[in-house]
Amino acid sequence: MSLIPDDVIDQVREAADLVGIIGEHVELKRSGSDYRGPCPFHGGTHRNFAVIPKKGMFYCFVCHEAGDVFTFFMKRLGMDYPTAVREVARRVGITIPERGPSGPDPHEPLYSAVAAAADWFARQLREGPEGDVARQYLGSRGLDLETVLPLGLGYAPTGRSFLDAMKSLGLRDEVLLEAGLLIKREDGTLAPSFRGRLLFPIHDPRARVVGFGGRLLGAGEPKYLNSSETPIFHKGRLLYNLHAAKHAMRKAERAILVEGYFDVLRLSLAGIEEVVAPLGTGLTSDQAQLIRRHASHIILLYDSDEAGLRATFRGADELLRERLRVSVATLPPGEDPDTLVQRRGAAGLEAILKDAVDVFERKLQILERKGFLGTLPGRRRALDRLLPTIRAAADPITQELYMSRAAEAAGVRKDVLEREVASRGGGGRETGPAAAPPASRLPPPELPASAEKTLLLLLLSETSARAYEELRAEGLGDRDPNALYERAVNFIEARRLERQLEQIDQRLPFETPEVQASLIAEKRRVFDELRKRYPRYKIAMRRRGAPGT
Ligand SMILES: [Zn+2]
């Protein structure tokens, strides 16, 4: 394992004069904010080799070699990673403690396998015959191939060509399996994990590719698929684009958090580079800590629908626990960062970022707009919504300000609120105000886990507000409540009837022929009713696994 700590590596990378170092090997000329020269890797004579100081990377538009200052030494001079870091450190005058008696990194084969796969996927996107699908898809989203290739995007074809390619590189199946690049089917055969997907490479903070996020092109499920957890890929501890964004985060003194890979892509192509995204899940405390290392202020830029708001407020609480200053930017309804930048450009987005308000103010705005602050029970519920955020605020001054604001808005004495906050330590993980839309609307997505929950959700009234809102957070999807209600009632009734059928079956063998005949008639009657109540009951139960669970 390399004993050089990550933050030292970051420090070295940032201190390095990329243009100067590469300029010792390549004759570079300024071209806008970048530098261009003949590529030392494929021995080109035209100025197709770009050094991009703002991103701390180089890229060749012909042979597509790419990387940071360390990669340059590794690829150009054949150094290993720690040696390259030491060499650059020596030049910038940073002292790195001598190497201890450590062996090689046991995960090195995994990094190599994922890097080889990333190169191969990128080539498929660039020029593979099947990559046409992906090239067209990018085109349809208004993304130019030449601009996305330097970001390492790739394409995983549908067939087995990946297996052959990796074999020809001498990579062993066990390593590819452990790296999450292959999956073992039930019959023991191996298949590529990613098939027919546009791939976004996911880097660790050292800028090594450790996994992929894959957008399916064509019919099927799931639309997005990430690498499975491996010894080097932990999706709760990584952020998409952090390796590239962290320098910009320091410079801009802020980070922008978005939901999706395309949002990140669009913002960074528009020149807003301090942008990161979680990997398709809610923000974790590990991810919040990662952000904290590079910025003290974060702007959440999620969709403005109910699901987006829920994700916003959950994420915000994690970030508050890490003492970050958390703002929320509000997109116009129906827009996401990707579409907004397409429509209004970077300037349009900057305007929205400028209007970002503190997360607590945003919560209050929403509660007020929904009429929570107008009535006494509403105020009580509003406080229940605000308390988790107050408790999450680990910074004492922020917490103090939040309490004053909440006391004022809800018309309670601040000392009463302080006692309430103190009564249940920090870390309350409740849903945001977004989880409680007015009763006249039933928008949130996702189906409840069971018919009983649906029924309960429909039966509960405003008086049992807490339970109601928790269920509401799980939501009905955009289904028709009446149809869902009928289905749920029928499902519960169908389960009762099925239990009746089971009882008859248990009795049957022990009865006299006459009783058996009447039981069979009874069974038919129950079964007919079951089918009437729930025509697809059997199918549904089979899909769900064992009956009665
Ligand atoms: Zn080249």
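Not measured: the values here are computed from a predicted model. Every number for a ligand or one of its atoms is a count from 1 in the order of the listing.
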Ring geometry between Phe200 and Tyr261 (parallel below 30°, tilted from 30 to 60°, perpendicular above 60°): parallel
N/O/S from Cys60 sitting under 2.8 Å away from the Zn ion (ligand 1): yes
Angle at the Zn ion (ligand 1) (to 10°), with one arm to SG of Cys39 and the other to SG of Cys63: 110°
The Zn ion (ligand 1) - closest N/O/S atom in His42: ND1
Parallel, tilted or perpendicular: rings of Phe58 and Phe41 (30°, 60°): parallel
Full working for ring pair (Phe, Tyr, Trp, His ring centres under 6.0 Å) between Phe194 and Phe162: CA-CA 9 Å; Phe194 296 102; Phe162 176 72; 8.8 Å; no
Ring centres under 6.0 angstrom apart (Phe49, Tyr59): no
